[in-house]
Amino acid sequence: MTSFEDQLRQALTRKEPPPNFAARVMERAKRQESVLAVGWQWLSGRAWTPRLVPVMAALLLVGGAAFYREHQRATEGEAAKEKLLVAVRIAGSKLQKTQQQVMKIQFGRVNQ
Amino acid sequence: MTWKLSMLAIAAFCPLLAQDIKMPVNLDKLAEHATETVDVTLDTSMLQLASRFLSKDDPDEAKVKKLVSKLKGVYVRSFEFDKDGQYSKSDVEAIRSQLRTPDWARIVGVKSVQGENSEVYLKKNGDQLGGLVVICAEPKELTIVHIDGPIDPEELSELGGHMGIPKLDKSKPGKSGGSKSKSSDEDKHEE
């Protein structure tokens, strides 16, 4: 038998855990649970925590309303800008057309 | 008591005085027969809002921004029809009648045999121009533009070649329309 096989057999041999192994695992699990519980108790135990909920909700509401209003204003502004550009385009082209008609008449008179 | 009533009456009439030209209601009915309609109503607050969204970096938009900075309102009604005779003279007369006041002067009136009639009215506000109305009545198209506030028509026509406005070649007249056009020198002068 080679030394490698010896080492392998030794490694795979069943070993009994130390006598208080299970108790130590359970104790550690309980400790972690209690840390979480203490944290939650601290947070929920504060007098200001329940009061914070409506304040946060109000802040969210005001922020949301402001954002919506700004978005609405931007949409209205863009629409107004488009309307204005259309109006200027129509006004400009109609004035140009009138000017052209007048020039045509003047040109005709000069030729006569 | 009497002066209080007078003040109340003045306060009630002030908005009417501010908006001296009203787009007739019967114009809106024309939209039913029109193939294309443009309806623009921009009062002072809407113009200010629109102006804020015009870019200073874009040369065309910067020109428009400068142009509208002092305006009180811009109103456009434009209708395009697929056949002749869809609007009556009374539709246009409703606007014309409002312009027969000492404040307004018709500076251009062009009538062509093809039925393409154009009129330009300017409002005098002391030494400045206080407004502009353009009425273009063609067989298949009716356009009314009312610009309320100090405006220079030259500034507006300078936009030619930009923003889709055709550029006018001032050295020669255009080819469109009939050569038998005749202008009407109804008021002060022709141009």
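Note that these values count all heavy atoms, side chains included, but never hydrogens, waters or copies made by symmetry. Naming: A, B, ... by sequence-line order, numbering from 1 per chain.
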*Largest heavy-atom contact set with chain A, pairs under 4.5 Å, which of B/I135, B/L42, B/L47, B/V145*: B/L42

*asked:* At a 4.5 Å cut-off on heavy atoms, which part of A/E76 comes close to chain B: side chain, backbone, both, or neither?
replied: both

*Between A/A74 and chain B, which part of the residue has a heavy atom less than 4.5 Å away: side chain, backbone, both or neither?*
both

*Can B/D103 and B/K124 be said to form a salt bridge (Lys or Arg N to Asp or Glu O under 4.0 Å), step by step?*
CA-CA 6 Å; B/D103 290 345; B/K124 288 171 283 178; over 6 Å; no

*In terms of heavy-atom proximity below 4.5 Å to chain A, should B/I147 be classed as side chain, backbone, both, or neither?*
side chain

Would the number of heavy atoms belonging to other residues, nucleotides or ligands and lying under 6.0 Å from [atom1] of [X] be above 12?
{"X": "A/Q72", "atom1": "CD", "result": "yes"}
{"X": "A/R28", "atom1": "CZ", "result": "no"}
{"X": "A/E82", "atom1": "CD", "result": "yes"}

